[in-house]
Amino acid sequence: MYVRTAPARSAPDGADPESAVMVHGLGGSSRNWTDLMGLLSSPGRPGEPVLDCEAVDLPGYGDSPVPASGDYSIGGQAASVIAFIDRRGRWPVHLVGNSLGGAVCTRVAARRPDLVRTLTLVSPALPDLRPRMLPLRVAAVSLPGFGSWALNRLATQSAEERALRSLRDVYADPRLMHPLRVREEIDEVIRRDGLSYQAEVLLGSVRSLVAEYTRRGPGTLWRDAARVTAPTLVIHGSHDRLVSPASAARAARSFRYGQAVVLPRVGHVAMMERPDLVSRLMREFFITAEPGRPDPALELNRVPN
């Protein structure tokens with residue numbers, strides 16, 4: 001598994017850095033965390049932790065090879081992240097996920113609470129069946145035959161057209177993106193075009209998300225959320241076209257020690273669009289969150305397992 005790092009810079013008070021692991025979303029990579037990692041690995045105000053940041057490329061994404069098992073399920077991706085954190089041996093970590101990565105991190109925190117110090121989710125892909133045009137378009141890719149046809153048709157557009165379209169889908173205001181980052185996104189599309197397995201990865205990931213959204217019973221992601229014992233911060237964007245910000249209220253009720261924030265005029269990738277706001281929220285959250293299990297007096301609206 002490929003890992004992008006931003007080592008902690010020395011804190012003014014000489015405090016030891018804390019470890020953070022970040023997990024990207026559908027079609028993303030570890031590069032999505034570059035700017036946020038730069039902020040969180042730098043000293044902040046007195047009392048705020050400085051983080052040793054590591055962002056992973058999930059199997060089949062970025063510079064990570066495809067999984068030998070061909071398993072792109074949320075459970076399979078969670079197992080990969082668990083194995084990575086276990087192998088590093090620096091847990092518990094501040095676990096951070098966006099979109100698909102938010103679903104993966106929720107499952108990690110539910111299965112292995114010993115590995116997770118705090119959980120931060122940016123527009124997590126937790127089940128929400130309210131109809132919205134863009135999520136329906138993504139879900140349609142999972143249909144047999146249609147997905148391959150749609151991806152082949154999309155491939156007739158230039159890399160720049162596809163990259164800019166994706167940015168319009170996930171940013172409230174794509175003009176906020178630095179030209180260097182735009183160029184990186186275009187170059188990444190060009191690089192992925194040369195990989196024979198990209199359609200397999202995308203189709204497998206979309207189908208796994210659709211399966212999670214329609215799952216019933218004790219194994220759902222919302223039941224996983226209720227099992228999470230780590231302090232949890234959920235960040236949504238008011239202009240998110242993929243994950244409804246209305247989900248913030250359910251998240252605040254479902255996570256045992258959860259709080260939710262909706263950022264105004266922000267889209268699906270708040271950590272890219274407004275890394276300054278996200279880093280500020282996270283640092284304030286770290287100060288208020290206990291390093292271990294929170295005091296029971298802080299428990300918020302626990303949902304039965």
Side-chain angles (χ1 to χ4, degrees), residues 1-5 21-34 37 54-88 95-108 111-112 115 124-125 137-157 159 162-163 165-166 169-170 184-215 219 221 242 268-269 272:
M1 182 180 285
Y2 178 81
V3 184
R4 190 177 303 273
T5 63
V21 173
M22 303 181 180
V23 185
H24 62 80
L26 182 70
S29 75
S30 57
R31 291 180 302 101
N32 298 159
W33 302 101
T34 301
M37 290 198 301
E54 296 180 307
V56 301
D57 284 336
L58 290 172
Y61 286 90
D63 292 309
S64 288
V66 296
S69 63
D71 183 3
Y72 297 103
S73 69
I74 301 300
Q77 300 284 28
S80 297
V81 174
I82 288 171
F84 167 76
I85 297 173
D86 248 339
R87 189 168 60 251
R88 277 291 202 266
L95 187 60
V96 189
N98 167 238
S99 193
L100 167 71
V104 171
C105 289
T106 298
R107 187 143 291 168
V108 170
R111 289 184 175 179
R112 289 292 304 273
L115 300 183
R137 197 173 78 199
V138 173
V141 174
S142 68
L143 297 174
F146 179 79
S148 299
W149 174 84
L151 292 180
N152 288 334
R153 183 178 180 185
L154 192 62
T156 62
Q157 300 178 4
R162 282 177 281 150
R165 178 177 180 174
S166 294
D169 286 343
V170 298
E184 289 174 349
E185 291 298 320
I186 296 171
D187 290 343
E188 177 62 10
V189 172
I190 294 171
R191 187 189 73 85
R192 288 202 303 258
D193 283 347
L195 302 176
S196 61
Y197 54 79
Q198 281 306 290
E200 170 198 331
V201 174
L202 183 60
L203 291 174
S205 297
V206 171
R207 287 167 182 157
S208 75
L209 270 178
V210 171
E212 290 293 343
Y213 270 51
T214 56
R215 186 189 300 274
L221 281 165
L242 281 164
H268 186 63
V269 287
M272 297 173 68

Using atom types as modelled and distance alone, determine if a side-chain donor or acceptor of S99 lies under 3.5 Å from a backbone N or O of A125.
no
Nearest-0.5 Å distance, [atom1] of residue [X] to [atom2] of residue [Y]:
X    : Y    : atom1 : atom2 : value
S29  : E184 : OG    : CD    : 9.5 Å
Y61  : L202 : OH    : CG    : 6.0 Å
D57  : R4   : CG    : CZ    : 6.5 Å
L26  : Y72  : CG    : OH    : 12.5 Å
L100 : C105 : CG    : SG    : 9.5 Å
L58  : H24  : CG    : NE2   : 4.0 Å

What are the two closest non-hydrogen atoms of [X] and [Y], and how far apart are they?
X    : Y    : result
M272 : N32  : CG-O, 3.1 Å
W33  : V23  : CZ2-O, 3.1 Å
A55  : S30  : O-CB, 3.4 Å
G60  : Q198 : O-NE2, 3.3 Å
R111 : G75  : NH1-O, 3.6 Å
S64  : P59  : CB-CA, 4.1 Å

The test is side-chain contact (heavy atoms from CB on, under 4.5 Å); show your working for L95 and I85 and say whether it passes.
CA-CA 10 Å; L95 187 60; I85 297 173; 4.2 Å; yes
Of R31, R191, R192, which meets salt bridge (charged side-chain N to carboxylate O under 4.0 Å, His left out) against E185?
R31
By the side-chain hydrogen bond (donor to acceptor under 3.5 Å, both in side chains) test, which pairs, at least two apart or in different chains, include something from residues 75-88?
E54-R88, D86-R112
